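See structure below.
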2 protein chains.
Amino acid sequence: MSRNKMARPGGRSARVQASVHTAVRELESEVGRDALSVPMVAERAGVTPSTIYRRWGSLAELLSDVAVERLRPETRPEDHGALPADLTAWAEEFLDEMSSTAGRAYIRDALLGDPDGSNAGQCSAYAAEQVGIVLSRATGRGETAPDVETVMDRVVAPLMYRILFRPAGLDTAYARRLVADLLGTDGASGDR
Amino acid sequence: MSRNKMARPGGRSARVQASVHTAVRELESEVGRDALSVPMVAERAGVTPSTIYRRWGSLAELLSDVAVERLRPETRPEDHGALPADLTAWAEEFLDEMSSTAGRAYIRDALLGDPDGSNAGQCSAYAAEQVGIVLSRATGRGETAPDVETVMDRVVAPLMYRILFRPAGLDTAYARRLVADLLGTDGASGDR
DNA sequence: GGCTTAAAGCAAATCAATTGCGTTTACTCC
DNA sequence: GGAGTAAACGCAATTGATTTGCTTTAAGCC
C-alpha cells in the first residue's frame with residue numbers, strides 16, 4: 001500500500017485499517033464511488049478524519065489501496081485441458097471483469113492514487129501470476145507455450161490499453177482473436 | 001474537452017478558456033503540478049474561482065484538458081525512407097516522451113479527470129494518427145505494411161501498458177524489439 | 001439596434017484538508 | 001513480564017477549497 005509502511009502492523013493500527021477499508025467498500029455500494037469523502041468514510045469507520053489523512057494522505061490513495069484489493073484474483077484459472085482453451089477463457093474473463101463499469105473504476109483508482117507506482121505494479125503482477133499458472137500448466141502437459149512476458153505484451157497489454165483509452169467496441173471476440181493470433185491457433189489470424 | 005460543450009464558442013468564453021489554460025501551463029512550470037489549486041489558477045488567469053468550477057467542474061478535469069493539449073503531437077513522424085526505420089524511430093520517440101516524468105504525469109492527468117473517456121480517446125487517436133501517417137507512407141512506397149489497429153495492439157499498447165503499470169526497466173531496446181517482432185525484420189525475434 | 005440567455009462576477013456559506021498538541025497503545029529491550 | 005519509547009490516534013482550531021444564490025455582462029440571433 002502506498003503510504004502504509006506498517007511500522008506497527010498489529011493491534012489498533014490493524015483494526016483501524018480494516019474498519020476504514022470496510023467503510024470504503026460499504027459506502028461505495030451505498031452512495032456510489034463519486035460521492036465518497038474522507039470525513040464520510042471516517043465517520044462510518046468510527047475514526048477521525050485526521051487519522052485517515054495521516055495514514056493515507058488523501059482520498060485518492062485510500063481508494064487506490066482498496067481498489068488493488070478488489071482487483072486481486074480470487075480463483076485460479078480454470079483448466080480446460082489445453083493451452084489455447086485455457087488462455088482464451090482466461091483472457092475473456094479478464095476482459096469481462098476489467099471492462100465493466102466497476103472494473104474500470106477500480107483500475108483508474110488503483111493507477112491514480114499511487115505516487116510510487118507500487119499499486120499499479122501489483123495489478124500487473126496479479127495478471128502475470130495468473131498467466132504464469134496457465135502457461136506452466138501447459139508446459140507441464142508437454143505443450144509448447146510462449147513465455148509470460150510475451151503474453152503480457154500480446155494479450156494483456158492490448159486489452160488494458162483499450163479498456164483505458166478506447167472502451168467502445170470491446171468484446172470477447174477481440175480477446176479471442178488476440179490469443180489466436182499469438183498462438184497461431186487458427187487459419188484466420190489475418191481476419192481483421 | 002470534458003465539460004466544454006462550447007455552446008458559445010467565441011469572444012469572452014474563448015478568452016477565458018485561453019487565459020485559464022495559459023495560467024495552468026505557467027503555474028505548472030513555476031510552482032509545480034502538485035501545488036496547483038483552482039483559486040491559484042483563477043487568480044493568475046484574472047478570473048474568479050467559481051467560473052472555473054462551473055466550466056470544468058474540478059481541478060482534475062481542467063488538468064485533464066490541458067494534459068491532452070500537451071500530448072498532441074507537434075510534428076509529423078520523420079521519413080527515413082523505409083517502414084522499419086520509420087516505425088522504429090517513431091516508437092522510440094513515443095516511448096521517450098511518454099515515459100518521462102512529465103509525460104507520465106500528463107497521461108495520468110488526462111485519464112484522471114475524464115468522466116466520459118473522451119480525453120483518453122483523444123490521446124489514443126493522436127497515436128493512431130501518427131501511426132497512420134507512417135503506414136500510409138510505406139504503402140505509398142509499395143511496401144507491405146500492417147494496418148493501424150495491429151500496430152496499436154503490438155507496439156503502442158505494450159508501450160503504454162508498461163509506462164502505466166511497470167515503469168521500471170523500460171528502454172528503447174524494448175520499443176525496437178516490439179517493432180522488429182511485428183515486422184519480422186530480423187532473425188532474432190525470439191531473443192527474449 | 002434590441003432581445004435572449006449562456007457565461008462570468010461577486011459574496012456568503014459550507015465543507016474538506018491541515019496542523020499543533022495531548023493521549024493511548026503497540027512494540028522493544030531489559 | 002514490566003518499564004520505556006515512539007508510533008498512531010483523537011480532539012479542536014485554522015486554513016483553504018468548493019458550492020451556491022443572485023447579479024451583471026456580453027455573445028449570438030432576429
Side-chain angles (χ1 to χ4, degrees), chain A residues 1-24 26-28 30-66 109 112-116, chain B residues 1-24 26-28 30-66 109 112-116:
Chain A
M1 298 121 189
S2 323
R3 175 170 300 225
N4 261 344
K5 295 302 153 13
M6 274 294 161
R8 191 168 277 192
R12 182 167 68 167
S13 286
R15 278 196 305 278
V16 166
Q17 152 132 0
S19 70
V20 167
H21 277 217
T22 301
V24 169
E26 288 176 4
L27 289 169
E28 261 181 0
E30 288 174 25
V31 306
R33 146 91 180 66
D34 292 341
L36 291 183
S37 73
V38 170
M40 184 185 290
V41 172
E43 186 181 6
R44 173 65 63 99
V47 152
T48 59
S50 64
T51 294
I52 293 179
Y53 285 117
R54 280 201 248 254
R55 262 186 72 167
W56 281 276
S58 69
L59 181 62
E61 289 180 57
L62 170 57
L63 292 180
S64 181
D65 283 357
V66 175
D109 284 345
L112 295 168
D114 191 18
D116 59 353
Chain B
M1 297 119 190
S2 322
R3 173 170 302 227
N4 261 345
K5 293 303 153 12
M6 273 295 158
R8 190 168 277 192
R12 182 166 68 165
S13 285
R15 279 197 303 279
V16 166
Q17 153 133 359
S19 69
V20 168
H21 277 218
T22 301
V24 169
E26 288 176 2
L27 289 168
E28 261 181 0
E30 288 173 26
V31 306
R33 148 89 179 67
D34 292 341
L36 291 184
S37 73
V38 170
M40 185 184 290
V41 172
E43 187 182 4
R44 173 65 63 99
V47 152
T48 59
S50 65
T51 293
I52 293 179
Y53 285 116
R54 280 202 247 254
R55 262 185 73 167
W56 281 276
S58 68
L59 181 62
E61 288 180 56
L62 171 57
L63 292 179
S64 181
D65 283 357
V66 175
D109 283 344
L112 170 59
D114 193 18
D116 60 353

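In the text below, chain A, chain B and the rest are named by the order of the sequence lines, each starting its count at 1. The structure displayed is predicted, hence computed values, not measured ones.
Side-chain atoms of A/S50 come within donor-acceptor range of the base of D/dC11, with a qualifying N/O pair under 3.5 Å. Remark: the A/R54 side chain and the C/dG20 base include a donor-acceptor N/O pair separated by less than 3.5 Å.
Counting heavy atoms from C-beta on, the side chains of B/W56 and B/V20 come closer than 4.5 Å. Side chains of B/E61 and B/D114 form no contact here, defined as non-hydrogen atoms less than 4.5 Å apart.
When the nucleotides C/dG9, C/dA16, D/dC11 are ranked by their closest atom to the side chain of B/T51, C/dG9 comes out on top. The side chain of A/R15 lies closest to C/dA26 when the candidates are C/dA26, D/dG10, D/dA8.
Rounded to whole Å, the distance from CE on A/M40 to C1' on C/dT14 is 14 Å. Atom pair B/L36:CG and D/dA17:P shows a separation of 11 Å (rounding to whole Å applied). As rounded to whole Å, 14 Å separates atom P of D/dA17 from atom CG of B/L62. Distance, B/E43 CD to C/dC10 C1': 16 Å, rounded to whole Å. A/Q17 has its CD atom 10 Å from the P atom of D/dC9, to the nearest Å. Rounded to an integer number of Å, the gap from A/I52 CD1 to D/dC11 P is 14 Å. The distance between atom CG of B/L59 and atom P of D/dG16, rounded to the nearest whole Å, is 17 Å.
Between C/dA16 and A/S37, a contact under 4.0 Å exists linking OP1 or OP2 to a side-chain N or O. Here A/R55 does not reach the OP1 or OP2 of D/dA8: none of its side-chain N or O atoms lies under 4.0 Å away.
Residues A/T51 and A/T48 bring a donor and an acceptor atom of their side chains to less than 3.5 Å of each other.
Between B/E30 and B/R44 there is a salt bridge, since a side-chain N of the basic residue sits under 4.0 Å from a carboxylate O of the acidic one.
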